[in-house]
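Since the model is a prediction, treat every value here as computed from it, not as a measurement.
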Amino acid sequence: MEKEKVREIIEKFRINERDTGSAEVQVAMLTERLNRLTEHLKLYPQDRYSRHALLGILGKQRGFLSYLRKVKPESYQTVVAELGLGK
C-alpha cells in the first residue's frame, strides 16, 4: 500500500492525534488490503497464495470487528457504515 493511502486511512479513522493502531484503524487497513486482493484474484483466479492470504486477512478483520462490537458498539457501527461493510 502506498504511504499516502496509509496516511489517509489513519487520518480518517484515528481516535486521537497519535493513534495509528487502534482497532478502528486496523479494520480500515485490513479492508483496504482485502479490496486490493479481491481485485487481484478477479484477474488471477488460480493464485492460491493470494487466496490463502485473503482468508488470513479476513480472519483478522473479523476478529477486530467482533472486538469492536463487544467493547465499543458505537464505534463498531460508525466503522461498518463508513467502510460499507455489510454487517
S.K.: I'd like to know whether CZ of Arg33 has more than 12 heavy-atom contacts from other residues, nucleotides or ligands below 6.0 angstrom.
M.R.: no
S.K.: Using links of under 4.5 Å between side-chain heavy atoms of ILVMFWY residues, direct or through other members, which residues join Leu43 in one cluster?
M.R.: Tyr44
S.K.: Return the minimal non-hydrogen interatomic distance between Arg14 and Glu11, and the atom names on each side.
M.R.: NH1-OE2, 3.2 Å
S.K.: Go through the structure and list residues passing side chain to side chain contact (heavy atoms under 4.5 Å, CB included) with Arg48, not counting sequence neighbours.
M.R.: Gln46, Arg51
S.K.: Identify, with sequence neighbours excluded, every residue that meets side chain to side chain contact (heavy atoms under 4.5 Å, CB included) alongside Thr20.
M.R.: Ile10
S.K.: Which heavy atom in Leu83 sits nearest to a heavy atom in Ala28, and how many Å separate them?
M.R.: CD1-CA, 3.9 Å
S.K.: Report the residues that fulfil salt bridge (charged side-chain N to carboxylate O under 4.0 Å, His left out) with Glu4, sequence neighbours left out, ordered by chain and then residue number.
M.R.: none
S.K.: Got a sec, which residues hit side chain to side chain contact (heavy atoms under 4.5 Å, CB included) with Asn35, two or more places apart in sequence or on another chain?
M.R.: Thr31
S.K.: Look only at the side chain of Arg62 and the backbone of Leu65, and say whether a donor-acceptor pair between them is shorter than 3.5 Å.
M.R.: no
S.K.: Can you list the residues that meet the salt bridge (charged side-chain N to carboxylate O under 4.0 Å, His left out) rule with Lys42, with sequence neighbours excluded?
M.R.: Glu39
S.K.: Identify, with sequence neighbours excluded, every residue that meets ring-ring contact (aromatic ring centres under 6.0 Å, His included) alongside Tyr49.
M.R.: none
S.K.: At what distance, to the nearest 0.5 angstrom, does CZ of Phe13 lie from OG1 of Thr78?
M.R.: 8.0 Å
S.K.: Which pair of heavy atoms, one from Leu37 and one from Ser50, lies closest together, and at what distance?
M.R.: CD2-CB, 3.9 Å
S.K.: Which residues pass the side chain to side chain contact (heavy atoms under 4.5 Å, CB included) test with Lys72, sequence neighbours left out?
M.R.: Ile15, Glu24, Leu68, Glu74, Ser75
S.K.: Please enumerate all residues that pass salt bridge (charged side-chain N to carboxylate O under 4.0 Å, His left out) together with Glu82, with sequence neighbours excluded.
M.R.: none
S.K.: Calculate, to the nearest 0.5 Å, the distance between atoms CD and CG belonging to Gln61 and Leu54 respectively.
M.R.: 9.5 Å
S.K.: For Arg36, enumerate each residue passing the salt bridge (charged side-chain N to carboxylate O under 4.0 Å, His left out) test, keeping only those at least two apart in sequence or located in another chain.
M.R.: Glu2, Glu32
